[in-house]
Each structure stands twice: as structure tokens, then as C-alpha cells.
Amino acid sequence: MKKETKENTFIKGITDGIPICLGYLSVAFAFGIFAVSNGLTSAEAVLISMTNVTSAGQLAAVPIMVSGGTLIELALSQFIINLRYALMSVSLSQKFDKSVRLADRFIIAFINTDEVFAVASSKNEVGKAYMFGLILTPYIGWSAGTAIGAIAGNILPAIVISALGIAIYGMFIAIVVPPARENKHILFCVILAIILSCLYRYVPVLSKVQSGFTIIICSVIASVAAALLFPFESGMEGENEL
């Protein structure tokens, strides 16, 4: 069996995961407040975080659940929002050494968030021990942050809860705005999604569509339109150089 190096141990994984854990505490705190303010119990909010570990998916799921949306609506919205994780997991699997078995891959994929993927992908090769350490601390931070936020949402004044509830929207703005400013294709996709969302909010006929399906429709149309109008040309350029 291959001997582990200092860069590929369980403790090293935990160490590398601590910054992710700290970042997740604040985001999950905001989600906990958001979930409770929308009518979920603290236990329900924590259960969602412990079984999903996806900020965008969880944020989209809460309104669907509290409004009585269908399971199909919930499943489709989660599939589209979280589809990138499947692609990230396939890519990350190329970094695994022989110690990572099939069952281990399922566990790692469950908590293969954007940040975990980025850290693990920066390594030449990672093993089971390192990956389990890397996903452990972020998982604890995400679950604990949700619990703290949910509890705070039950005891803090309504005006404070309302103010803190905006934090999670601020997080998504911070994620979207920088790349949109640098890439006109991303900016187009974002603007189109905003326009479609407004139409589904204010146009009488479209406003009757449930929120979950609105997310699905806007996401698919904006993504497909951007892909068709701005196709990825790297491969074509490479072929022309041959």
C-alpha cells in the first residue's frame, strides 16, 4: 500500500478544509435565518443543510417547500441548479489515487462543493484520507452555521432577522458580479435571466407559474441562449492550428 505523504493525510485535509469551514459558517448562518423566517423549524433547516450542502439549491428549495410546490418541481430545480456538481465530481475523480474506492467516491461527491473541488484540484494526486479530512470540516461548518442561524432566527427581533436575511442574497451578488464585469458573455446570461425573472414576476399570465418552475425555465433559457450565441471556440482554434 502506498505510504501517505505529509500533503496527502487526513490531518492535512482537515487543515486545508478549515478556511472553507469558516467561510461556510457565515453563509450557512444566513441560510438558517432565511429558512426559519420563511416558516421552517430549526430542525428542518439543519436537516436540509446536513442532507444537501448546496447553498443555491437550498435557497431555491425553501420557497418551493413552504409554498406547497410539487416534488417534481423541487427535483427539477435541484437537478438544474446542482448539475455542475456532477461535472465537477467527474473531473475531480481524475485526481484520485487507488485508495479511493467506489463507496468513497459517493461520499466525497456528496460534499464536493465549489471550494472543496478547487482545493482538491490544485493537488497532483489525492487519496481517501486527505479527501475525507478535506470534506469533514466544511460539512461541520455548513451544518453548524445553519443551526446557529436557525436558533438566532427564533430569538432575535424581527427587524434584525430581516436585515441578516439579506446576507445570503449579498453572497450571490458577490459571486455573480465580478465575473460578469470581466466577461460580456456571462453578463449577457445574467441580464437575460433577470429579464426573464421579471417577466415571470410581473406579467399576469406568467406570474401564475410556480416559483420552482420559474427558476428552471429562466435558468435553462438563459444558459441555452448564451451557449448558442457564444459557443466555446478553444477546440476549433486548436484544430485550425494543426
**Prompt:** Just by distance, do the side chain of S37 and the backbone of F34 share a donor-acceptor pair under 3.5 Å?
**Reply:** yes
**Item:** hydrophobic_cluster_shared for I64 and L47, side chain cutoff 4.5 Å
**Value:** no
**Request:** Can you see which heavy atom on I33 is nearest to which on G149, and at what distance?
**Result:** CG1-O, 3.2 Å
**Prompt:** Is there a chain of hydrophobic side chains (I, L, V, M, F, W, Y, each step under 4.5 Å between heavy atoms) that links V66 to L71?
**Reply:** no
**Complete:** Rounded to the nearest 0.5 angstrom, the CG-CD distance for L187 and E182 is 12.0 Å
**Message:** Restricting to non-hydrogen atoms, name the atom on V126 and the atom on A120 that form the minimum distance, rounded to 0.1 Å.
**Reply:** CG1-O, 4.1 Å
**Request:** Taking all non-hydrogen atoms of both residues into account, name the closest pair between L192 and A222 and its distance.
**Result:** CD2-CA, 3.7 Å
**Prompt:** Is the count of non-hydrogen atoms from other residues, nucleotides or ligands lying under 6.0 Å from L228 atom CG greater than 12?
**Reply:** yes
**Message:** Do I48 and I151 land in one hydrophobic cluster if side-chain heavy atoms of ILVMFWY residues count as linked below 4.5 Å?
**Reply:** no
**Asked** Can D97 and S99 be counted as having a side-chain donor-acceptor contact under 3.5 angstrom?
**Response** yes
**Request:** For A147 and V46, work out which heavy atoms get closest and say how close.
**Result:** CA-CG2, 3.6 Å
**Message:** Less than 4.5 Å apart, side chain to side chain, heavy atoms only: is that true for C189 and F230?
**Reply:** no
**Request:** Could you check whether the rings of F31 and W142 sit parallel, tilted or perpendicular, using 30° and 60° as the cut-offs?
**Result:** parallel
**Prompt:** Quick one: are D104 and F96 in side-chain contact, heavy atoms under 4.5 Å?
**Reply:** no
**Message:** Within a 6.0 Å radius of atom CZ on R201, are there more than 12 heavy atoms belonging to other residues, nucleotides or ligands?
**Reply:** no
**Request:** Using atom types as modelled and distance alone, determine if a side-chain donor or acceptor of K95 lies under 3.5 Å from a backbone N or O of K123.
**Result:** yes
**Asked** Rounded to the nearest 0.5 Å, how far apart are CD1 of I135 and CD1 of I14?
**Response** 11.0 Å
**Item:** Test item: T9 and Y130 side chains (from C-beta on) under 4.5 Å apart, heavy atoms
**Value:** no
**Request:** Considering non-hydrogen atoms only, spot the tightest contact between Y200 and C218 and give its length.
**Result:** CD1-SG, 4.0 Å
**Message:** What's the separation between atom CG in N82 and atom OG in S77, rounded to the nearest 0.5 Å?
**Reply:** 8.5 Å
**Nearest-0.5 Å distance that lies between atom CD in E73 and atom OG1 in T214** = 8.0 Å
**Request:** Keeping the roles fixed (side chain from S26, backbone from G23), state whether a donor-acceptor pair exists under 3.5 Å.
**Result:** yes
**Request:** State, yes or no, whether a side-chain contact exists between V116 and M131 at a heavy-atom distance under 4.5 Å.
**Result:** yes
**Fill in**
Between the CG atom in D114 and the OG1 atom in T54, the distance rounded to the nearest 0.5 Å is 8.5 Å
**Message:** Go through it in stages, so that I can follow the logic: the residues are L40 and V62, the test is side chain to side chain contact (heavy atoms under 4.5 Å, CB included), and I'd like the CA-CA distance, side-chain angles, deciding distance and then a yes or no.
**Reply:** CA-CA 8 Å; L40 296 182; V62 171; 4.1 Å; yes
**Message:** Could you measure the distance from the CD atom of E44 to the CG atom of N38? Nearest 0.5 Å is fine.
**Reply:** 12.0 Å
**Request:** Report yes or no: do F79 and I72 belong to one cluster of Ile/Leu/Val/Met/Phe/Trp/Tyr joined by side chain heavy-atom distances under 4.5 Å?
**Result:** yes
**Complete:** Correct closest heavy-atom pair for G141 and A28 would be O-CB, 4.3 Å
**Message:** Is any side-chain heavy atom of Y85 closer than 4.5 Å to one of N112?
**Reply:** no
**Asked** Is F132 reachable from V53 through a run of I, L, V, M, F, W or Y residues, each pair having side-chain heavy atoms under 4.5 Å apart?
**Response** yes
**Prompt:** In terms of heavy-atom contacts, does CG of L87 have more than 12 from other residues, nucleotides or ligands at under 6.0 Å?
**Reply:** yes
